[in-house]
Amino acid sequence: MPETVRVALGARSYDIHIGAALLGEAGHHITPLLSRPRVAIVSDAHVAALHLAALTDSLEAAGITWSNLSLPQGEATKSWPYLTQTVEWLLEEQVERGDIVIALGGGVIGDLVGFASAILRRGVRFVQVPTSLLAQVDSSVGGKTGINAAQGKNLIGAFHQPSLVLADTRALGTLTPRDFRAGYGEVVKYGLLGDAEFFDWLETNGPALAAGDMALRIEAVRRSCRMKADIVARDETEQGERALLNLGHTFCHALEAATGYSDRLLHGEGVAIGCALAFETSARLGLCSQEAPSRVRAHLKNMKMKADLSDIEGKLPDSDGLIALMMQDKKVTSGKLNFIMARDIGDAFVTSDVPREVVESVLTDALSQRA
Ligand code: GLY
């Protein structure tokens, strides 16, 4: 039996099932949602080659017919042209208001297909079948959907909750070690922001989990989803507490922009480095002890993850340049950056009260450690 986490949002509540055979059980879980036995599946070509057959076999076994659109793999797909293509394909497929669209893939596909579902016929239901660790623990849960704009990432979108999430942890076996570790950056984030005991657990179990232990993988995804589901249930549209989920992200977004959203830095790697920088900033502000950032970095290094600016290859802007990029973050309100700072591991909070000089000194020191 899979583990189940409920996202409690009244009439829009839904289950996240987490287990090692969910692609093969998809027909069973999706059948109760259907008003007629057919679905439209949107994927990317890479994920479709690996996982579409397992999904469609199980749909067919449950008597569900399906059609599929496979888009190119990669962040560039999260854009107007592919949104147009997806929506027009769904219309050609005569997807009706009562039908279900399935998003099979990582964060790019989940965000794009969720947004297409939000605007198609003023909203159709969709099911997330996340295949990357990042999507299983973060982007498939909570209803943030959208595409990127020339002006920045995720600037166009809508809150549109899925009707079901099926996180098959066996699918994680097809990720490259680098992609797996990048997703793990988001897992660590949960321990750091709100659950010190989970961070302890990750320090103990992280290496075995990365090596492939399935029970540990399920448990890490379950605990991450549990925390995200609880936060989303209390603050669906990010009026307050949900912002905690952006721990490390202000630094991360600046670093992603500085590296041109390229392979030099994956999103989850930027989150991990951003978390380390957020703890370093918190320590300099006297909010937490100096041991806290050291412990964060030690765990990231133990997991063979990027932990410092020196782990990013190639040129980076100076601290002024990085701060200018941070100011373009969509979390800027009235010209002030909102930061997530921490009083300790597992105890993060939102503040706009972080002096620029402190951020500058953290970045200057971090940059000076680069060769
Ligand atoms: N990834 C942050 C959120 O869903 O709020």
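Owing to the predicted nature of the structure, the values given are computational and were not obtained by experimental measurement. Start at 1 and go down the list; that is how both ligands and their atoms are numbered.
Here R356 pairs with D320 in a salt bridge; the nearest charged N to carboxylate O distance falls below 4.0 Å.
With sequence neighbours excluded, the residues forming a salt bridge (charged side-chain N to carboxylate O under 4.0 Å, His left out) with D15 are R6, listed by chain and number. When the salt bridge (charged side-chain N to carboxylate O under 4.0 Å, His left out) test is applied to D111, the partners found at least two apart in sequence or on another chain are K78. Under the rule for a side chain to side chain contact (heavy atoms under 4.5 Å, CB included), the partners of R295 that lie at least two apart in sequence or sit in another chain are F199, D200, E203, I345.
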Which atom pairs, nitrogen or oxygen on both sides, join ligand 1 and the protein at under 3.5 angstrom?
from	atom 1	to	atom 2	distance (Å)
ligand 1	1 (N)	D138	OD1	3.1
ligand 1	1 (N)	D138	OD2	3.2
ligand 1	4 (O)	K228	NZ	2.6
ligand 1	4 (O)	R242	NH2	2.8
ligand 1	5 (O)	K144	NZ	2.9
ligand 1	5 (O)	R242	NE	2.7
ligand 1	5 (O)	R242	NH2	3.3

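One N or O on the side chain of K228 and one on the backbone of V141 form a donor-acceptor pair closer than 3.5 Å.
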Please determine whether side-chain contact (heavy atoms from CB on, under 4.5 Å) holds for the pair L202 and Y190, giving the CA-CA distance in whole Å, both sets of side-chain angles, and the decisive distance to 0.1 Å. CA-CA 10 Å; L202 290 170; Y190 289 106; over 6 Å; no
